[in-house]
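Below: one structure, written as structure tokens.
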Amino acid sequence: ATAPTPAPTPTPVATPASPATSDALRCPDGMVMVQPRPFMMGAVAGQGGATAAEGPPHRVTLSPYCIDRTEVTVRQYRECVQSGACTVYSTVNFPGLSVADAQFFSQFCNGARNDRDLHPMNCVDHAQAAAYCRSRGGSLPTEAQWELAVVVGDTVARAGALRVARGEVSSRRARRR
């Protein structure tokens, strides 16, 4: 006898937590949904190296949004450059950086290296990053969206580490989450 053919597994789609958002937002492949939830944004000046510009801490609640599951790779950015939507990326070009510092830090840029296709893209400025996002029909996350994504991602990472410590899952399985 042969085993029955398993039904194809549907492509995972992020599902919103509440029915109010479920019809409004579905994330494209390679992105995850960040659910709305209140969080504290900002920091107290002097704590953990925070500056006055990062404060005061305040409560923020965002609408649900999608964010890339992983960083943009060198290959993905190179494809954007080849399409003409993005600009060249081989050196550091940040305002206020001395010529000597730009030369020093540019040696660490991944974009011009042929052996770094799957590494995260670096050495792009804000305008270049925004152009990449626009080429994909998106935008850079706002400061609040980025902070919430970091908080949620950190919580997920800590929860996975705790489950490994308790012996609930193997460390290999937790890393793939």
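Since we're looking at a predicted model, the values are computed, not measured.
A donor-acceptor pair under 3.5 Å is absent between the side-chain atoms of D68 and the main chain of E71, judged by distance alone. Using modelled atom types, no side-chain atom of E147 and backbone atom of T142 make a donor-acceptor pair closer than 3.5 Å. Using modelled atom types, one side-chain atom of S135 and one backbone atom of Y132 make a donor-acceptor pair closer than 3.5 Å. With hydrogens and angles disregarded, a donor-acceptor distance shorter than 3.5 Å links the side chain of Q128 to the backbone of D125.
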Any chance you could lay out the side chain to side chain contact (heavy atoms under 4.5 Å, CB included) test for L62 and Q145, step after step, and finish with the verdict? CA-CA 7 Å; L62 301 173; Q145 288 172 331; 4.0 Å; yes
Dump the intermediate steps for side chain to side chain contact (heavy atoms under 4.5 Å, CB included) on F104 and V92, then the final yes or no. CA-CA 9 Å; F104 174 77; V92 175; over 6 Å; no
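Between atom CH2 of residue W146 and atom CG of residue L140 there is a gap of 10.0 Å, rounded to the nearest 0.5 Å. Taking CZ of F39 as the start and NE2 of H58 as the end, the distance is 7.5 Å to the nearest 0.5 Å. Between the CZ atom of R69 and the CE atom of M31 there is a distance of 10.5 Å, given to the nearest 0.5 Å. Here the straight-line distance linking atom CZ of R26 with atom CE of M33 works out to 7.0 Å at 0.5 Å rounding. Put simply, SG on C109 and NE2 on H119 are 14.0 Å apart, with the number rounded to the nearest 0.5 Å. Of the inter-residue distances, the one linking T73 atom OG1 with R78 atom CZ reads 9.0 Å to the nearest 0.5 angstrom.
Using the six-membered ring where Trp is involved, F108 and F105 have ring planes that are tilted, between 30° and 60° apart.
Across all their heavy atoms, V74 and P120 have their closest contact at CG2-O, 4.0 Å. Residues G111 and M121 come closest through the heavy atom pair CA-CE, 3.8 Å. Closest approach of Y65 and L148 over heavy atoms only: OH-CB, 3.7 Å. The minimum heavy-atom distance linking P28 with C66 is given by the pair CD-SG, 4.3 Å.
Contact check for P64 versus P36: side-chain heavy atoms found under the 4.5 Å cut-off.
Under a hydrophobic-cluster definition in which Ile, Leu, Val, Met, Phe, Trp and Tyr are linked whenever side-chain heavy atoms come within less than 4.5 Å, directly or via other members, V44 and M40 are assigned to different clusters.
Residue R113 forms a side-chain hydrogen bond (donor to acceptor under 3.5 Å, both in side chains) with just one option from D115, N110, D117, and that option is D115.
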